[in-house]
Amino acid sequence: MKKTWTKPTMCQVAAGMEMSRYLSAELKAKK
Amino acid sequence: METARTRAIISMQSRPKLKHHARLQYDPVRDAWALLSPERIFWPNEVSLDILRLCDGTRNVEEMIASLADQYGADEADIADDVTAFLQEWSDNMLVTL
């Protein structure tokens, strides 16, 4: 089935807080 | 000292490529793809992700639009503006080279 075209968007998050959350979530997932 | 840089303007012959410091990575926790760059993280929607995946420096914009139109069963003319505006925006944000 073909996908539906929508306007391309990107949600930007400044690193710092988000990066530490991202890395801790990644580490938890590896355990 | 001259610090201003020349703004790259997209054309159908541009061959967009992700900057070397930006990479796409799958996040199993969120079950989503993230675009990681040193100081910022981006969460692209499905269409953005498909555009970014084609940014490998081998295809020009015209070929990218044709490929996306095929993937989405859309008319090339209907999606061309979205694709070029997206690539221009992320070139201006220094994530993509044109």
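Source: prediction; values computed, not measured. Each chain gets a letter, A, B and so on, in the order its sequence line appears, and its residues count up from 1.
- The line from CD1 of Ile41(B) to SG of Cys11(A) is 10.5 Å long, rounded to the nearest 0.5 Å.
- Follow the hydrophobic side-chain contacts under 4.5 Å out from Ile9(B) and you never reach Leu98(B); the two are in separate clusters.
- Residue contact with chain A, scored on non-hydrogen atoms closer than 4.5 Å, involves the side chain of Asp50(B) exclusively.
- At a 4.5 Å heavy-atom cutoff, the contact between Leu52(B) and chain A is made by side-chain atoms alone.
- Of the listed residues (Leu87(B), Leu49(B), Leu68(B), Ile51(B)), just one forms a side-chain contact (heavy atoms from CB on, under 4.5 Å) with Pro8(A), and that residue is Ile51(B).
- Neither the backbone nor the side chain of Glu89(B) has a heavy atom closer than 4.5 Å to any heavy atom of chain A.
- Interatomic distance, Ser48(B) OG to Lys7(A) NZ, rounded to the nearest 0.5 Å: 10.0 Å.
- Put simply, the side chain of Asn45(B) gets close to the backbone of Thr9(A): a donor and an acceptor are under 3.5 Å apart.
- Met10(A) places a side-chain heavy atom less than 4.5 Å from the side chain of Phe86(B).
- Residue Arg53(B) places its CZ atom among more than 12 non-hydrogen atoms of other residues, nucleotides or ligands, all under 6.0 Å distant.
- With a threshold of 4.5 angstrom between heavy atoms, Ile79(B) approaches chain A through its backbone and through its side chain.
- For the pair Val83(B) and Trp5(A), the minimum side-chain heavy-atom distance is below 4.5 Å.
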